[in-house]
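Remember, it's 1-based here, ligands and their atoms both numbered in the order they're listed. Just so it is clear, the model here is predicted, and its values are computed rather than measured.
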Amino acid sequence: MSHPMDPRRRQLLKMLGMIGTGTALSQLMPTMAQSCTDSTYFPPDYPVDCAPPAPKAPPVPFTPYSGPVVDRKSAFTLTSMEVSRLKAAYQALRDLTETNPDDPRGWLHQAAVHCWYCGGGSDGQAGPEIHGSWYFLPWHRAFLYFHERILATLIDDPSFRLPYWDWDRWGLTPSRQMMPPPYSLGGQANSLFDALRGQSPSAQLPPRITGPLITQKVLTQTEYQTFGGGTDNAGQLELLPHNHVHVWSGTDGNTMPNCGTDMGVLATAARDPMFFTHHSNVDRFWDMWLAQSKSNQNPTDPTWSQQSWTFYDENANWVSIQVQDVIHTTHLGYRYDTLATTLPTKVAATPQRITPQIPSTVLVSGRNGIALDPKGTTHAVPLPAPGQNGPLKATKGKLALKITGIHVPLNQSAEVFVFINKPDVNVKTLDAALQTASFAGAIGAVQASLGPEGHHRHARTFDAVVELSEATQQLILKDRKISVTLVPVDAFGRTPVRLNVTYQRIELIRL
Ligand code: C2O
């Protein structure tokens, strides 16, 4: 295990900082590395594993925040005083790692907590996985809450709140599609800057990552399971904008098309202060979704609401917090200044819909796994014709696609768009296809670690449930067949160079 402040990393970061403002990683790294563990690419102490937290006492139960409820604002609308305060807070956090490497509240220790909770713990000591399921939203809300309180305490300003990167709000000035300037400008002298990013400050998120159609897809999910995740599946919020912003921010597609750094790898993502402004927006989506419709509801299952995790709080106490403690942001001292987004049409709530009466149908199944072709894979099956097994009558309920046993190697990212009845879609026609009723959603995962699966890292296998919109269901009814096309893309929308994704079954299910 490497020391958290390996002087070589510090030296490298200083060097990168001196090269200048906003220099993209590609300009610094002369040769194309062949492997994601290539030491010519990564700083010498780039973490492969992370140590688990080492609390000195049993956890104490969480008590709700008793201070005032203060707005979290967009990182693009902060006053200059608020920007200075934010930078001072992260400087204090980084300084803490230097002055007291053992303080569990320090910058690198907090990043390690995220690493540990995403299967990255060393020697079989990985924490419970909190990505890819219904724990994704509450765990990250709790993590951000303690992070916010620690920053506020370090600068002795209880009114400090994290800003959010509102990448969903297209068409505003300045463009929300850039990384927020307070985080991207100023080089290493800026405590919010991270040299290990894949994008330059002026790069713009493309519509397939956070465009209005993506926001709409996320907010029109009618079940927590498909929006925020289920017991063994990620929701579209995690799979679409969340994952894709990570991969885009942390992949240098020109020098290292296959490998992420910092934001592009879950094990290191929280080393980049931008992680927290990205996740603040992901957290804002939770409230946006609940505000869409009365029928959008959190799970009521006590398995979910009583799940607990432990974190170090602002006083370095080891605290146990439950999902039910974080359901209301006002109990954590914050709310979002706006839940408005920009969409081409108003997001309509569809509490009860009419869907074709298709029974649950297995579309494809392969016990030993079906390999996803990097150029895309289509599976097609006819549906019963009228008179054969009964007509496709309309019925109440919701149809979804369930993809079971998806395996993404820990050291790869996978971004895979899912289309219905559009077998000819490919990376070139993807953007246009997103605008059609055939666009169903996405599956995939952010690279979890630099190292492969091994004796102390468990394999990553999960399910995905993609809800089919009314328009997609009408399409199936009209075509009387269903085909599923999976289109993988890299961080730059190209056919991935390296992809070893497999899945076991795709079926149509009723929710
Ligand atoms: Cu814990 Cu954005 O990942």
*Is any protein N, O or S atom closer than 2.8 Å to atom 1 (Cu) of ligand 1, and if so, which?*
H114 NE2, H131 NE2, H140 NE2

_Taking the six-membered ring for Trp, are H114 and W139 closer than 6.0 Å centroid to centroid?_
yes

_Exercise: do E467 and T226 side chains pair donor with acceptor under 3.5 Å_ = yes

*Mind checking whether V416 and L499 have side chains closer than 4.5 Å, heavy atoms only?*
no

*Work out the angle at atom 2 (Cu) of ligand 1 between NE2 of H246 and NE2 of H242, rounded to 10°.*
100°

*Pair H279 and F143, ring centroids less than 6.0 Å apart*: no

*Determine whether Y145 and V326 make a side-chain contact, defined as any pair of heavy atoms from C-beta on separated by less than 4.5 Å.*
no

*Would you say Q177's side chain and W167's backbone share a donor-acceptor pair under 3.5 angstrom?*
yes

